[in-house]
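Letters go in sequence order (proteins before strands), and every chain restarts at 1.
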Amino acid sequence: MFEKAIRETKAYYCLECGICTGSCPVSRLNPQYSPRIMVERALLDDDETMLSEREVWDCLTCGTCSARCPSTVDFNEFTRAMRIGARESGFEGVDTHAGILRALMELEARRRGRRDISWVADDLRVSSRGKVLFFTGCLPYYGVVFSELGVDTVGMANSTIRLMNACGVRPVVSRDERCCGHDLYWTGDRDSFKKLARKNLKMIEESGARTVVFACPECYAMFSQIYPKFVGKIGFDMMHISEFLVSHVESGRLSFGEKESRVTYQDPCRLGRFLGVYEEPRALLGSVPGLELAEMPRVRSEALCCGSSAWVGCTRINKSIQLERLSEAADTGATTLVTSCPKCNIHLSCAAKDKDTDGGIEISFLTDVLSDALAGGTES
Amino acid sequence: MAAARGNPRILAFVCSWHPMAAADNAGADGRSYGTATAIVPVDCAGVVSAAAILRAFSSDVDGVLIAACGSGDCHYSNGNESCERVVQETRDLMGLAGLAPQRLRLDLSSDVDGGRFVALLDEFAVELAGLNGRAGRERPAPSRSAGKKPAKASKAKATARKKPAKAKRAATKKTATGKRTSRKKSVAAGKKPAKASKAKAAARKKPAARAKRKR
Ligand code: SF4
Ligand code: SF4
Ligand code: SF4
């Protein structure tokens with residue numbers, strides 16, 4: 001049953017070295033969970049029984065194991081293949097937040113209807129057609145669902161637009177946008193994912209955009225790495241907001257005012273290990289006068305995942321991973337943990353709130369920090 | 001009678017306490033409502049999740065009605081209040097997704113009158129029929145031809161015929177637990193709505209006393 005997946009993920013090259021299991025943040029806390037054993041079992045044709053096990057849903061798809069595997073086995077795709085198989089056999093993971101996010105994604109895949117974009121702040125300039133498009137992803141929805149955590153994702157979208165405006169760009173924010181399909185893709189819902197991808201590509205074509213800017217690394221990874229596998233070549237440029245802003249800082253178009261503080265930075269799995277964007281966010285933080293970046297021990301490709309992904313399965317294990325990362329961040333002496341992924345922001349804030357961690361560190365989104373520094377810049 | 005214009009697909013989550021009694025009474029009274037209305041009895045309106053509502057819209061229903069007990073009358077103390085929060089959150093999400101928030105309606109009432117229940121559904125159906133096709137935002141409701149009417153009527157009758165048995169069963173159950181004793185009377189009264197509704201009015205008073213006892 002898994003032949004195709006084994007071929008595509010190069011699982012047959014597995015050396016049984018166990019580096020994956022040794023690297024995995026989930027395995028460290030849950031000895032039942034072992035990526036190596038899963039690969040072995042698939043190779044030994046034990047895949048049918050595997051599909052019903054909850055371990056299928058435990059992987060964070062963080063990519064740490066694949067990054068270290070000497071045989072470059074793509075365990076993320078392997079996990080996805082298992083999930084597709086599990087779904088086809090009638091097994092599902094446990095949706096977090098009572099399935100509300102998954103229901104939203106499915107709704108966007110199935111229904112027509114145009115999004116409401118009245119959340120865009122009044123002082124910002126956006127357009128309906130143009131060369132540069134800002135793909136907002138699920139940020140407006142998260143604003144409703146996670147308001148109780150004190151995470152303002154609508155504010156993140158607005159600060160992204162504010163920075164783009166400061167660069168002299170009036171981005172397209174489209175009412176025909178859809179969820180990028182990231183979570184449905186990684187939880188094995190191929191059909192809904194494809195529907196979303198097609199709708200988004202049509203939307204971008206109609207907007208006339210030549211460049212698409214993402215504030216969410218997951219959307220960015222989907223568009224640049226996964227969409228091409230299903231729809232062929234993509235006819236526009238893509239960049240993360242950090243890449244977009246860095247080019248404007250370098251050209252002298254964008255600059256920031258003084259902002260005294262000590263921050264640390266969380267590399268998101270998608271932006272880092274998936275896309276290799278490590279330096280741009282750091283360069284941006286470095287371009288804010290007075291801002292000091294204190295690094296955690298595990299950074300860049302070694303960074304610890306924010307502990308949860310694709311809105312499936314959030315357990316004691318996930319919480320422990322988050323708390324481990326938060327204490328690592330606090331140990332740097334930084335007052336703020338900066339993330340460039342809205343979901344890292346949500347999950348880490350959730351753990352901080354849930355466990356009421358003392359000596360807690362403030363968690364901020366990259367564009368929020370930068371846009372604040374922008375305000376300082378205009379004043380001085 | 002169902003909505004005059006179209007026959008919108010309504011999914012109604014009906015709390016098994018007061019609102020379901022109202023639905024049962026509607027059946028006992030021989031009332032009919034839109035054939036495209038599906039009633040899903042739930043233990044308490046508090047169990048209806050935002051995901052369940054959004055999934056209903058994914059499956060192309062035109063409107064979702066949640067019938068919950070009136071304020072202070074929740075059998076589980078605060079299920080109707082948590083339902084109000086879920087409805088507010090879901091409406092916000094619907095608005096962002098371009099779905100008219102009016103498509104989700106919450107009715108908080110401990111009135112067990114069947115006539116009121118049917119009127120509620122009819123009124124909602126009329127509102128939904130008015131929403132369809134608006135500004136190209138919404139998926140137009142499939143037009144239902146007049147030719148389908150006879151089938152509709154007979155189906156409605158069939159449903160009405162079936163209901164009294166169920167209503168009686170529910171009444172017995174509820175009487176046995178010492179609640180809403182007058183329900184039995186109202187069902188027995190069958191087609192005499194005037195008299196029945198008086199009995200029901202008396203019944204409506206009871207839950208308040210119950211709520212006190214709970215704490
Ligand atoms: S790290 Fe790679 S080669 Fe080693 S056990 Fe894991 S999958 Fe096999
Ligand atoms: S992707 Fe991450 S969570 Fe999944 S098996 Fe690899 S290291 Fe573990
Ligand atoms: S960490 Fe919190 S916000 Fe993230 S999935 Fe778990 S419960 Fe949800």
Open item on the list: Looking at chain A, which one of Ala97(B), Ala50(B), Ser49(B) has the largest number of heavy-atom pairs inside 4.5 Å, strictly under?
Closed with: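 With the most close heavy-atom pairs to chain A, the winner is Ala97(B).
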Open item on the list: With a strict 4.5 Å heavy-atom criterion, list every residue of residues 83-92 of chain B that contacts chain A, or say none.
Closed with: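 From residues 83-92 of chain B, the residues near chain A are Glu89(B), Asp92(B).
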- [ ] Might you confirm whether atom CZ of Arg190(A) has over 12 heavy atoms from other residues, nucleotides or ligands at distances under 6.0 Å?
- [x]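 No, not enclosed.
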Open item on the list: Please determine whether the number of non-hydrogen atoms from other residues, nucleotides or ligands lying under 6.0 Å from atom CZ of Arg54(A) exceeds 12.
Closed with: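 Check fails, neighbour count at 12 or below.
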Minimal non-hydrogen separation, [X] against [Y], with atom names:
| X | Y | answer |
| --- | --- | --- |
| Leu54(B) | Leu107(A) | O-CD1, 3.7 Å |
| Ala51(B) | Ala98(A) | CB-O, 3.2 Å |
| Pro140(A) | Leu96(B) | O-CD1, 3.4 Å |
| Arg55(B) | Ala103(A) | CG-CB, 4.1 Å |

Task: From CD (Glu108(A)) to OG (Ser58(B)), nearest 0.5 Å - done: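 Reported to 0.5 Å precision, the distance equals 10.0 Å.
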Open item on the list: Between Arg111(A) and Asp60(B) (side chain of the first, backbone of the second, donor and acceptor by atom type, cut-off under 3.5 Å), is there such a pair?
Closed with: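 Answer holds: no.
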